[in-house]
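What's counted below: heavy atoms across the whole structure, side chains too, no hydrogens, waters or symmetry copies. All ligand and atom numbering here is 1-based and tracks the order in the structure. One is the number of the first residue; the rest follow in order along the sequence.
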Amino acid sequence: MNSDFLVRQATAGDVPAIFDLLEPYARQGIVLRRTREDILDYIGNFRVALCKGSVCGCVAVRDFGSNLLEVRSLVVAQQFHGQGGGRLLVGFVIDELTARYPSVKWQLFTLTGRPGFFQRLGFRIVSKELFPEKIWTDCSKCAKQHCCDETALLFEPF
Ligand SMILES: CC(C)(COP(=O)(O)OP(=O)(O)OC[C@H]1O[C@@H](n2cnc3c(N)ncnc32)[C@H](O)[C@@H]1OP(=O)(O)O)[C@@H](O)C(=O)NCCC(=O)NCCS
């Protein structure tokens, strides 16, 4: 793992950097497009990775209630790929949830075109039908809604 990385809660000042990270991947249909306003509205959901003080990655966590949460908007800047930043961001989220729900069973899911990455982090592939709320809210905004090629994965602490 690259010890130059640090992960922290995002702040309003991170909005431009988060937008710049997501936008190229949103254009390729890899992550959902987020406007600057949308990122600001949900800034409390974002965590950012810093490398030598600059934002080089981000992730958001959406809470659906009933201890069901989603990892979304996960991006590491291309020049930092393969250096442990993605693992650190998702690991940070898992550590936060472990601390927040020490004895309650929570579920963290994702819909992704990078299942291999999430499997490396302990997620397992599950049926998309487990997540109707996600399908009916965000999927309706996705260009690929009628030809979805994403895989659903789930992480459970125990
Ligand atoms: C996917 C992404 C976040 C991974 O971040 P990263 O910092 O490059 O990944 P890491 O260096 O932390 O890799 C962690 C582990 O996952 C593996 N891995 C990384 N990307 C992978 C991929 N696409 N498929 C399979 N395994 C992958 C690494 O080999 C590493 O395994 P190891 O620790 O056992 O050696 C990053 O490549 C990215 O931003 N991609 C573009 C946007 C994207 O695809 N986002 C996810 C959509 S939900």
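Nearest protein neighbour of atom 39 (O) of ligand 1, counting heavy atoms only, is Val76 N, 2.8 Å. Atom 34 (O) of ligand 1 has Arg120 NE, 2.8 Å as its closest protein atom, hydrogens excluded (heavy atom only). The protein non-hydrogen atom at the shortest distance from atom 9 (O) of ligand 1 is Phe117 CE1, 3.6 Å. Among all non-hydrogen protein atoms, the one lying nearest atom 5 (O) of ligand 1 is Gly86 CA, 3.5 Å. Given atom 23 (N) of ligand 1, the protein heavy atom at minimum distance is Arg114 CD, 3.5 Å.
Between Leu111 and ligand 1, no pair of N/O atoms sits closer than 3.5 Å. In terms of N/O distances under 3.5 Å, ligand 1 is not approached by Val31. Residue Val75 has no nitrogen or oxygen atom sitting less than 3.5 Å from a nitrogen or oxygen atom of ligand 1, judged on distance alone.
Atoms CZ and CG, on Phe123 and Leu108 in that order, are 4.5 Å from each other to the nearest 0.5 Å. Taken to the nearest 0.5 Å, the OG1 atom of Thr110 stands 10.5 Å off from the CG atom of Leu154.
For the pair Glu23 and Arg34, the salt-bridge criterion is not met [side-chain N within less than 4.0 Å of a carboxylate O].
Of the heavy atoms in Gln83, only backbone atoms (N, CA, C, O) come closer than 4.0 Å to ligand 1. Heavy atoms of Tyr25 found under 4.0 angstrom from ligand 1 belong exclusively to the side chain. With a heavy-atom cut-off of 4.0 Å, Arg87 touches ligand 1 through backbone and side chain alike. Using a 4.0 Å cut-off between heavy atoms, His81 contacts ligand 1 through both its backbone and its side chain.
Under a hydrophobic clustering in which Ile, Leu, Val, Met, Phe, Trp and Tyr are joined whenever their side-chain heavy atoms come within less than 4.5 Å, directly or via other members, Val76 and Phe118 fall into the same cluster.
Partner of Leu74 under the side-chain contact (heavy atoms from CB on, under 4.5 Å) criterion, out of Val90, Ile30, Leu22: Val90 alone.
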Next on the checklist: Determine whether Phe46 and Ile39 satisfy the following criterion, side-chain contact (heavy atoms from CB on, under 4.5 Å), listing intermediate values before the conclusion.
Outcome noted: CA-CA 8 Å; Phe46 278 91; Ile39 294 166; 4.0 Å; yes

Next on the checklist: Before you tell me yes or no, could you show the steps for Gln9 and Arg47 under side chain to side chain donor-acceptor pair (under 3.5 Å), namely the whole-Å CA-CA distance, both residues' side-chain angles and the distance that decides it to 0.1 Å?
Outcome noted: CA-CA 4 Å; Gln9 169 67 49; Arg47 315 289 180 261; 2.9 Å; yes

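The 12-atom threshold is exceeded at CD of Gln79, counting heavy atoms of other residues, nucleotides or ligands nearer than 6.0 Å.
Every atom of ligand 1 is numbered from 1 in the order shown, and the set under 4.0 Å from a heavy atom of Gly82 is 6 (P), 7 (O), 8 (O), 11 (O). Proximity to Thr112 (heavy-atom distance under 4.0 Å) selects the following atoms of ligand 1: 47 (C), 48 (S). Listed by number with element, the atoms of ligand 1 under 4.0 angstrom from any heavy atom of Ile30 are 42 (C), 43 (C), 44 (O).
The closest heavy-atom contact to atom 11 (O) of ligand 1, among the options Gly84, Gly85, Cys56, comes from Gly84.
Using a 4.0 Å threshold on non-hydrogen atoms, atom 28 (C) of ligand 1 does not count as touching the protein. Note that atom 25 (C) of ligand 1 has protein non-hydrogen atoms nearby, at separations under 4.0 angstrom.
Considering every non-hydrogen atom in both Leu97 and Trp106, the closest pair reads O-NE1, 3.5 Å. Looking at every heavy atom in both residues, Leu50 comes nearest to Cys56 through C-SG, 3.9 Å.
Between Phe92 and Phe5, the gap from one ring centroid to the other reaches at least 6.0 Å.
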